[in-house]
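Just so it is clear: chains get the letters A, B, ... in the order the sequence lines come, proteins before strands, and each one is counted from 1.
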Amino acid sequence: VYTIVGLLMCCGQLKHARFGKAVHGRAMRKITLVSSSLILSNALMDMYAKCGEMEIAVKVFDRIGERDDISWNIIIAGFASSGELDLACRFFDKAPRRDLISWNSLLAGYARQGDLTMVAKLSEGMLANNVRPDRVTAIALVSAAAMIGEFNQGRCIHGRVLKAFGIHDVILGSALIDMYCKCGSIDRSFVIFNNIFNKDVTLWTTMITGLAFHGFGNRALELFSRMQEEGLMPN
RNA sequence: UUUUCGAAUUA
């Protein structure tokens with residue numbers, strides 16, 4: 001079971017549906033495994049969801065007798081990240097329980113479409129249901145604001161995030177840098193950039209492209225060399 | 001052992 005779950009995770013990451021189906025087939029032959037493991041069924045559904053095969057994922061979902069919160073979340077997240085938000089909402093509403101991950105999955109889906117009003121509605125909704133937003137929630141809010149590109153909305157969201165978290169990790173930092181670049185404030189981006197300790201390639205790239213986009217080609221190149229001096233490989 | 005989060009790149 002451990003091996004099969006591991007293989008399914010790999011197929012999901014690689015979006016390799018053909019190999020995933022082969023693993024599925026082999027798992028089915030071992031009748032003892034099939035009905036016994038909820039984790040295995042969940043890993044299967046997630047593999048299909050990540051490969052963009054939501055029809056099959058739902059088929060598995062319907063077929064299994066026992067479901068937990070993770071099963072529901074996998075389907076919600078699958079539809080949300082393929083942009084089928086109506087279906088994501090349908091399962092979200094039907095689910096017996098909605099936890100932090102359910103809310104975050106839906107939020108991320110709307111954030112990707114730049115639907116800031118829906119994002120706002122959902123984050124109110126989670127508060128009303130006594131679900132505490134976390135840094136993933138914050139990232140969804142910030143990246144939605146980045147797509148809108150409205151400086152005041154962006155700053156307002158940054159303010160709320162600051163209040164809740166104070167210090168930023170790399171991912172939240174990248175999202176904020178990107179947001180300020182797209183809202184027209186290179187300076188604020190740079191302040192955040194300088195305050196992040198473990199810069200990774202994505203964070204550098206976010207800052208570099210922001211500079212380039214605003215016509216600071218020379219400063220972008222300068223950062224590009226500095227990144228390599230600090231031992232990071234450009235990709 | 002399974003579910004949610006950041007940049008750029010193609011059509």
Fill in: With sequence neighbours excluded, residues passing side-chain hydrogen bond (donor to acceptor under 3.5 Å, both in side chains) with A/D169
A/R135
Practice prompt. Name all residues meeting the side-chain contact (heavy atoms from CB on, under 4.5 Å) criterion together with A/L162; count only those two or more places apart in sequence or in a different chain, and write none if there are none.
Written response: A/H158, A/H168
Worksheet entry | A/N129, CG: over 12 other non-hydrogen atoms inside 6.0 angstrom | yes
Worksheet entry | Rounded distance (Å) that lies between atom P of B/U3 and atom CG of A/L106 | 18 Å
Worksheet item: Taking A/H16 for the side chain and A/G12 for the main chain, is one N or O donor matched with an acceptor at less than 3.5 Å?
Response: no
Worksheet item: When the distance from CD1 of A/I75 to C1' of B/U2 is rounded to whole Å, what number comes out?
Response: 13 Å
Discussion item. With salt bridge (charged side-chain N to carboxylate O under 4.0 Å, His left out) as the criterion, how do A/K182 and A/D178 come out once you've worked through the C-alpha distance, each side chain's angles and the decisive distance to 0.1 Å?
Written reply: CA-CA 6 Å; A/K182 290 183 174 149; A/D178 185 46; 3.1 Å; yes
Worksheet item: Between A/I76 (CD1) and B/U2 (C1'), how many Å, whole number?
Response: 15 Å
Discussion item. Whole angstroms only, please: what is the CD1-C1' distance between A/I64 and B/U2?
Written reply: 11 Å
Fill in: Pairs flagged by side chain to side chain donor-acceptor pair (under 3.5 Å) wherever residues 94-110 of chain A is involved - sequence neighbours left out
A/D69-A/R97, A/N73-A/D99, A/N73-A/S102, A/D99-A/S102, A/N104-A/D134, A/N104-A/T137
Worksheet item: How about A/F165: does its CZ atom have over 12 heavy atoms from other parts shown lying under 6.0 Å from it?
Response: yes
Distances under 3.5 Å between protein N/O atoms and the N/O atoms of nucleotides 5-8 of chain B, please, pair by pair.
residue, atom, partner, partner atom, Å
B/C5, OP1, A/R112, NH2, 3.0
B/C5, O2, A/R135, NH2, 3.3
B/G6, N1, A/D200, OD2, 3.1
B/G6, N2, A/S174, OG, 2.7
B/G6, N2, A/D200, OD1, 2.9
B/G6, N2, A/D200, OD2, 3.2
B/G6, N3, A/S174, OG, 3.2
B/A7, O4', A/T206, OG1, 3.1
B/A8, OP1, A/K182, NZ, 3.1

Item to complete: With heavy atoms under 4.0 Å as the rule, sort A/K50 into base, sugar-phosphate or nothing.
Response: sugar-phosphate
Practice prompt. Find the distance A/M54:CE to B/U3:C1' and express it as a whole number of Å.
Written response: 12 Å
Worksheet item: Atom CG of A/D69 and atom C1' of B/U4: how far apart are they, to the nearest Å?
Response: 13 Å
Item to complete: Figure out the CG/P separation between A/L7 and B/U1, and round it to whole Å.
Response: 16 Å
Worksheet item: Across the strands shown, which category fits A/I74 at heavy-atom distances under 4.0 angstrom: base, sugar-phosphate, nothing?
Response: sugar-phosphate
Practice prompt. Figure out the OH/C1' separation between A/Y2 and B/U1, and round it to whole Å.
Written response: 6 Å
Item to complete: Return each pair, listed once, that meets ring-ring contact (aromatic ring centres under 6.0 Å, His included) where at least one residue sits in residues 52-75 of chain A; pairs must be two or more places apart or across chains.
Response: A/F61-A/W72, A/F61-A/F91
Polar atoms only, N or O, under 3.5 Å: list the protein pairs with nucleotides 9-11 of chain B and their distances.
none

Discussion item. Both conditions, 6.0 Å and 45 degrees, for the charged tip of A/R219 above the ring of A/F190: are they met here?
Written reply: yes
